[in-house]
Amino acid sequence: MERSCIRSSKISADDAIKKFRALGLLDTAYHIEQDENYVYIPLIRHIGGSINHDFKPREDVFTGIEKDSERRGLKNTGAPYIRLGNSIIFKSSISRRIAYKYASRLKVDNIYVETGKIRGIKREPSLKLIYGSGGETIVRESGVSYIMDLQKVMFSPGNINTRSKMKFIDFTGMVILDMFCGIGYFSLQILKNSRPARMVMCDINPDSIHYLKKNLQVNRIKSNVDVYTGDSRSVLPVMQADYIIMGNFNSINFIVAALLRSRIGTQISMHYLTPTESMNSTQDVIVDIARKLGYVIECIENTKVKSVGPHYQHMNAIFKVSRIL
């Protein structure tokens with residue numbers, strides 16, 4: 001396909017490519033080509049000194065693998081996947097031979113296939129390793145490094161906006177309680193970017209706590225941190241928090257424990273699932289539950305995190321305690 005390009009000598013081609021990439025003019029949808037004398041650098045638009053050249057378009061990962069697999073008589077390519085660090089996770093089964101092709105194309109060390117949903121109260125993933133040796137991976141997000149074993153602890157890339165939002169809130173001097181901390185999904189963003197007076201974290205999964213402590217070290221966090229392992233309803237100390245994080249779909253079942261550790265002015269960030277038709281009314285149910293327990297709370301923010309199916313939504317509502325009866 002004919003595209004605008006810059007024709008460069010082979011001696012100066014590397015510098016020219018770097019220049020046009022930095023300027024945002026390099027057209028990455030096409031291969032950089034060369035003949036015996038020149039290198040042809042595709043551009044996204046015509047500029048002074050550019051010429052036309054017939055370029056070969058790049059194939060995306062799916063297209064390249066599909067074509068190669070069809071020639072070899074292989075099936076189940078183009079399956080959806082997510083990438084986390086040096087690993088990718090497929091949502092449906094693929095063959096080991098196809099996995100090898102993806103690993104080669106995407107330059108990853110491990111490939112997993114989901115075999116079911118998140119399991120039990122420890123929120124353990126259902127993943128089968130079909131390529132590589134497994135073990136730890138590192139996900140870097142908004143200036144924070146998360147170390148984890150994907151077969152032992154969960155990590156949802158779809159929650160990136162909610163996690164990243166924590167870095168922009170000023171928690172200076174506040175007491176923070178994270179009742180389902182996992183490997184530090186939300187807390188690490190706070191500790192890395194703010195100065196809370198105290199951070200109390202709890203999770204029922206010992207593997208999550210293991211990686212939380214590891215992540216505190218790798219992110220060089222030395223704040224006043226207390227970590228508890230177990231059911232947050234029973235192992236957390238008596239305290240009054242300024243901000244409570246409830247990053248669990250079953251957070252409503254833990255509202256008593258949260259309210260007992262609140263005071264007037266405390267904000268409670270609750271994550272929960274709700275039918276689509278109730279996404280704007282479930283917070284009213286939570287307000288009624290709290291009032292029956294002797295706490296007057298108001299919903300100050302209600303945000304859809306993502307869809308988790310055709311009829312259910314992952315919501316994040318923030319409540320403020322205004323009165324204790």
Side-chain angles (χ1 to χ4, degrees), residues 82-85 87 89 117-127 136-169 171 174-194 196 198-221 223 225-232 236 241 243-251 254 257-258 267-273 301 303-306 308 313-318:
I82 58 173
R83 179 165 186 163
L84 293 172
S87 304
I89 301 172
K117 297 181 179 180
I118 299 296
R119 306 190 310 271
I121 59 174
K122 293 183 179 180
R123 298 184 289 176
E124 297 171 312
S126 298
L127 297 180
E136 294 179 355
T137 190
I138 301 177
V139 175
R140 293 180 175 87
E141 186 179 281
S142 300
V144 170
S145 295
Y146 296 93
I147 299 178
M148 71 199 83
D149 184 325
L150 295 173
Q151 289 186 293
K152 294 181 179 180
V153 299
M154 63 167 288
F155 188 88
S156 175
N159 295 348
I160 181 172
N161 291 335
T162 308
R163 285 191 295 271
S164 298
K165 184 173 67 174
M166 307 305 285
K167 69 184 290 186
F168 299 108
I169 302 175
F171 292 98
M174 297 174 65
V175 176
I176 313 296
L177 170 59
D178 190 343
M179 296 178 65
F180 313 96
C181 64
I183 63 172
Y185 312 108
F186 303 110
S187 297
L188 289 175
Q189 290 290 346
I190 295 173
L191 292 166
K192 189 81 170 179
N193 296 287
S194 196
R198 182 187 180 196
M199 172 73 77
V200 178
M201 293 179 279
C202 180
D203 201 274
I204 201 169
N205 186 343
D207 289 320
S208 293
I209 295 298
H210 166 76
Y211 284 109
L212 168 66
K213 293 178 178 179
K214 203 165 188 174
N215 287 326
L216 289 170
Q217 292 180 342
V218 77
N219 288 285
R220 298 179 181 179
I221 293 171
S223 303
V225 173
D226 297 316
V227 179
Y228 295 85
T229 306
D231 189 318
S232 55
L236 284 173
Y243 197 94
I244 300 175
I245 304 168
M246 304 181 75
N248 188 303
F249 290 156
N250 293 319
S251 61
F254 291 75
Q267 292 187 26
I268 304 175
S269 175
M270 295 182 66
H271 290 253
Y272 54 85
L273 293 181
E301 185 178 322
T303 306
K304 172 185 170 182
V305 178
K306 62 179 184 290
V308 293
Q313 307 298 328
H314 172 186
M315 304 296 294
N316 175 211
I318 299 177

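We number each residue from 1, following the sequence as shown.
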Check your understanding: So do Asp207 and Asp149 actually touch side chain to side chain, heavy atoms under 4.5 Å?
Key -> no

Check your understanding: Tyr146: what forms a ring pair (Phe, Tyr, Trp, His ring centres under 6.0 Å) with it, not counting sequence neighbours?
Key -> Phe155

Point to revise | side-chain contact (heavy atoms from CB on, under 4.5 Å) evaluation trace for Asn248 with Met179 | key: CA-CA 9 Å; Asn248 188 303; Met179 296 178 65; over 6 Å; no

Check your understanding: Of Leu191, Ile176, Leu177, Ile209, which meets side chain to side chain contact (heavy atoms under 4.5 Å, CB included) against Met201?
Key -> Leu191

Review point. Between Ile244 and Ala258, what is the shortest heavy-atom contact and its length?
Key: CD1-O, 3.3 Å

Practice item. Might you point out which heavy atoms bring Gly85 and Val139 nearest each other, and give the distance in Å? Key: N-CG2, 3.8 Å

Practice item. State, yes or no, whether a side-chain contact exists between Ile245 and Met166 at a heavy-atom distance under 4.5 Å. Key: yes

Check your understanding: Are Ile169 and Ile190 close enough, and set up right, to give a side-chain contact (heavy atoms from CB on, under 4.5 Å), and what steps lead you there?
Key -> CA-CA 8 Å; Ile169 302 175; Ile190 295 173; over 6 Å; no

Check your understanding: So, for Ile118 and Pro125, which heavy atoms are closest and what is the spacing to 0.1 Å?
Key -> CD1-CA, 3.9 Å

Review point. Looking at CD1 of Ile147 and CD1 of Ile138, how far apart are the two atoms once the value is rounded to the nearest 0.5 Å?
Key: 4.5 Å

Practice item. Kindly say whether the aromatic ring centers of His271 and Tyr185 come within a distance under 6.0 Å. Key: no

Practice item. Might you point out which heavy atoms bring Val305 and Met315 nearest each other, and give the distance in Å? Key: CG2-C, 4.2 Å

Practice item. Count the heavy atoms of every other residue, nucleotide or ligand shown that sit under 6.0 Å from NZ of Lys192, and state whether that count exceeds 12. Key: yes

**Study point:** Atom pair CE/CZ of Met154 and Arg119 - distance to nearest 0.5 Å
**Key:** 12.5 Å

Exercise for review: Quick one: pull up CG in Leu212 and CD in Gln217 and give me the separation to the nearest 0.5 Å.
Suggested key: 10.5 Å

Exercise for review: Could you tell me whether the side chain of Ser126 and the main chain of Lys117 form a donor-acceptor pair under 3.5 Å?
Suggested key: yes

Point to revise | Worked verdict on Phe254 versus Phe180 for ring pair (Phe, Tyr, Trp, His ring centres under 6.0 Å) | key: CA-CA 10 Å; Phe254 291 75; Phe180 313 96; 4.8 Å; yes

Check your understanding: What pairs with Tyr243 under ring pair (Phe, Tyr, Trp, His ring centres under 6.0 Å), at least two apart in sequence or on another chain?
Key -> Phe171

Check your understanding: Heavy-atom count around Lys165 NZ within 6.0 Å, excluding the residue itself: above 12?
Key -> yes

Review point. Atom OG of Ser145 and atom CG of Asn215: how far apart are they, to the nearest 0.5 Å?
Key: 8.0 Å

**Study point:** Ion pair check, Glu124 and Lys152, cut-off under 4.0 Å
**Key:** no

Exercise for review: Return yes if some donor-acceptor pair links the side-chain N/O of Asp203 with the main-chain N/O of Gly182 below 3.5 Å, else return no.
Suggested key: yes

Check your understanding: Which atom names give the shortest non-hydrogen contact between Pro157 and Ile82, and what distance separates them?
Key -> CG-CD1, 3.8 Å

Practice item. State whether the side chain of Glu136 and the backbone N or O of Met148 hold a donor-acceptor pair below 3.5 Å, judged by distance alone. Key: no

Review point. Is there side-chain contact between Ile89 and Leu84, with at least one heavy-atom pair below 4.5 Å?
Key: yes

Study note, to complete from the structure: To the nearest 0.5 Å, atom OG1 of Thr162 lies from atom CG of Asn316 at 5.5 Å

Check your understanding: Do Phe249 and His314 have ring centres separated by under 6.0 Å?
Key -> yes

Practice item. State, to 0.1 Å, how close Lys122 and Asn205 come at their nearest heavy-atom pair, and which atoms those are. Key: O-ND2, 3.1 Å

Exercise for review: I would like to know whether Leu150 and Thr137 meet side-chain contact (heavy atoms from CB on, under 4.5 Å); could you show each step before the answer?
Suggested key: CA-CA 7 Å; Leu150 295 173; Thr137 190; 3.9 Å; yes

Study note, to complete from the structure: OG (Ser223) and CZ (Arg198) are apart, to the nearest 0.5 Å, by 13.5 Å

Exercise for review: Look at the side chain of Gln189 and the backbone N and O of Glu141, then say whether any donor-acceptor pair between them is shorter than 3.5 Å.
Suggested key: yes

